[in-house]
Amino acid sequence: MPTSRPTPLSGRLGTIVVTIVVLLTDTLHSSIVDDAPYQTLQFTPNITHRTDLCDRQQLLRVGMIEFKDVIRGIDLSVGLGYLSDGTGNTIYDDEAGDFAASPGFHISILDEVARRAGFSWRDSYGLIMPPYMNDSFRLQPNASVDDLLLWAVNTYDFTFTEWDRTIERMKLGIDFPTGFTDTSTILIADNSDVDKRTFNPFSFLQPFNIFVWLAIILTIALTAFVYRSLKKIYNANEGASRESDSPKVPGINLFYTTMAATGQLLFEPVSQSERLLVLSISFWSLIIISTYTANLASVMISKQQPIYPATSLAEAERKAVPVCVAGDFSIATKIKNKYSNAKLVEVNTFADMYAAMKNGECSLVADGYDRFRLMERNEDINSDCSLEWVGRAEDVSSGGPAVLVDAGVYCTSLVGHALEFYLKEMQMDGFIESAFNRHLNSVSSHSCPKEDDDANPDDAQRLTMADMGGIFLCHAVACVVAVFVSCLERCWSNRKNTRQQSNEVDASEEETPLEERNAIITSRSIYLGQGSNKSL
């Protein structure tokens with residue numbers, strides 16, 4: 001059972017006033033407030049539900065009890081964080097007067113911690129709501145969330161919600177065990193006015209950049225020129241017969257080469273050099289067509305990338321971009337401390353932040369990562385799936401329970417150490433992540449399709465000469481080899497013609513009659529005799 005310290009005389013009058021206020025405003029409470037066993041008017045002074053744990057601390061010190069059992073069997077009081085606007089992680093069944101069968105992320109975590117540590121809490125909890133949600137009951141009109149936290153840890157053994165660990169709060173003597181929620185600050189933009197899918201009449205050119213297209217055109221022209229040269233060389237070797245058989249059509253070789261680039265082979269090579277060149281242009285066309293086809297499908301419908309007003313808080317501060325924040329929470333405090341000149345639009349609730357951005361009051365929203373994961377699946381807030389996380393996380397932090405640093409009065413620091421142990425254990429075995437995913441799926445009113453933010457059809461998918469240069473180089477080498485082979489063919493053809501002429505001469509001599517050969521020999525002898533006489 002909770003214990004209560006004697007109330008000083010100076011505080012009795014305040015307690016009487018508080019009691020009267022509670023009686024007068026009792027009808028204004030919601031069902032969950034009525035059912036909370038230890039519900040206490042927030043900021044009520046000199047009332048505590050904290051449990052004296054100093055005897056357990058002494059048993060632990062002397063080794064009479066193990067650390068994992070230090071709070072086992074105790075009924076601990078809990079200040080349970082609750083948001084009545086439906087954007088929180090606690091689900092209450094008003095008709096049943098108890099938490100729902102799927103009570104939400106926070107209750108699932110708290111129940112599991114209680115099961116592992118062996119303590120109970122369902123008969124000893126009170127609700128902790130932000131000041132803006134219960135103005136009718138506040139005794140401190142100007143109180144902040146930090147003031148509420150300090151009051152809660154002095155009233156309950158621990159308070160369980162997404163408390164973010166900040167230097168300001170730690171200076172108040174508050175301890176924060178391991179967090180179970182990712183409260184890293186991120187920026188969210190609304191892209192409902194941006195049409196991401198637009199028709200681009202030149203999208204068929206996007207698989208290659210401009211340099212690859214220029215290289216393709218140049219390759220087609222040079223290949224047509226080389227093929228024409230090889231034909232001329234072969235025609236010169238073979239005579240005019242082949243040239244007369246082929247009709248002279250202006251630009252026919254350029255047309256054939258262009259068709260080869262599209263996969264239609266119209267060449268009729270005769271020489272070895274021509275065959276080599278046609279083989280090279282065919283292989284070149286195969287690679288070009290394959291890579292073009294593979295990349296065309298992903299870029300045929302171009303995606304317009306939205307232009308965000310800012311992708312970081314530093315940029316938002318520099319450009320004076322208005323950023324919506326929940327003014328009474330830690331994210332706003334962290335931004336103010338680090339970016340003093342940031343243009344912040346402070347609203348009351350988390351839902352109000354997104355509504356203000358939809359209405360044009362701000363261009364960005366600064367929120368926690370896990371809370372945004374819930375908001376983007378809320379059909380009332382993100383019905384058109386236009387909310388997007390932009391940039392990177394501004395900080396890495398986690399939210400979780402909070403305990404007053406107390407090692408000698410009630411010794412509730414012991415609760416913080418025990419929560420730290422079991423929450424860390426649950427984090428390591430994956431229970432926390434799976435519990436959040438279950439909660440996310442149970443409360444999601446719709447889902448938005450995921451998109452590959454890293455894909456950029458203008459840069460990542462468009463191939464450059466660094467990707468395609470190899471096939472052009474191979475074809476260039478093949479062209480050079482084809483010309484060299486053509487030269488060898490010409491040399492071989494000339495040599496062949498010389499031999500053929502020599503053989504024809506020898507054959508003609510063999511076919512000459514005997515009488516003609518004798519006459520030739522006689523005439524040669526007479527010629528030689530005349531020559532000798534002259535020399536004498």
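Just so you know, these numbers come straight off a predicted model, no measurement behind them. Just the heavy atoms: all of them, side chains too, but no hydrogens, waters or symmetry mates, feed the values below.
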Looking at [Y] and [X], is any side-chain nitrogen of the basic one under 4.0 Å from a carboxylate oxygen of the acidic one?
X    : Y    : answer
K231 : E274 : no
K338 : D395 : no
R116 : D111 : no

Would you say the side chains of [X] and [Y] form a donor-acceptor pair under 3.5 Å?
X    : Y    : answer
N191 : E388 : yes
S397 : T183 : yes
R318 : N341 : no
N382 : Y354 : no
T166 : D164 : no

task = Give me the ring orientation class for F267 and Y256: parallel if the planes are under 30° apart, tilted from 30 to 60°, perpendicular past 60°.
result =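 F267 vs Y256 ring planes: perpendicular.
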message = Can you tell me how far apart CD1 (I109) and OG1 (T181) are? Round to the nearest 0.5 Å.
response =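 Going from CD1 on I109 over to OG1 on T181, the span is 7.5 Å.
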query = Does the separation of the ring centres of F436 and F180 fall below 6.0 angstrom?
reply =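 Between F180 and F436, which both carry aromatic rings, the centre distance is not below 6.0 Å.
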inquiry  = Has T291 got a side-chain atom pairing as donor or acceptor with I288's backbone, closer than 3.5 angstrom?
reply    =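 Yes, T291 side chain to I288 backbone: donor-acceptor pair under 3.5 Å.
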task = Apply the test salt bridge (charged side-chain N to carboxylate O under 4.0 Å, His left out) to residues E420 and K424: give CA-CA distance (whole Å), side-chain angles for both, the deciding distance (0.1 Å), then the verdict.
result = CA-CA 6 Å; E420 173 81 20; K424 194 68 177 180; over 6 Å; no
For the residue pair [X] and [Y], what are the closest heavy atoms and their distance?
X    : Y    : answer
P309 : E315 : O-OE2, 4.1 Å
L187 : L364 : CD1-CD1, 4.0 Å
A221 : L254 : CA-CD1, 4.1 Å
S271 : S273 : OG-OG, 3.1 Å
A366 : I335 : CB-CD1, 3.7 Å

query = Within 45° of the ring axis of F176 and under 6.0 Å from its six-membered ring centre, is that where the NZ or CZ of R169 lies?
reply =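 Cation-pi check for R169 and F176: fails.
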query = Within 45° of the ring axis of F431 and under 6.0 Å from its six-membered ring centre, is that where the NZ or CZ of R438 lies?
reply =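 Geometry flag: set, cation within 6.0 Å and 45°.
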query = Above 12 or not: heavy atoms from other molecules or residues under 6.0 Å from CZ of R275?
reply =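 Yes, enclosed.
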key: CA sep, side-chain torsions, deciding dist, call: E317, K343, salt bridge (charged side-chain N to carboxylate O under 4.0 Å, His left out)   = CA-CA 7 Å; E317 181 185 38; K343 187 177 180 180; over 6 Å; no
ask   = With sequence neighbours left out, what residues match D370 under salt bridge (Lys or Arg N to Asp or Glu O under 4.0 Å)?
value =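 By the salt bridge (Lys or Arg N to Asp or Glu O under 4.0 Å) rule, D370 matches R373.
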ask   = With a 4.5 Å limit on heavy-atom distance, are the side chains of N89 and H439 in contact?
value =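 Sidechains of H439 and N89: in contact.
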Note, W284 side chain near I220 side chain (heavy atom, < 4.5 Å) =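 Heavy-atom side-chain distance check passes, below 4.5 Å.
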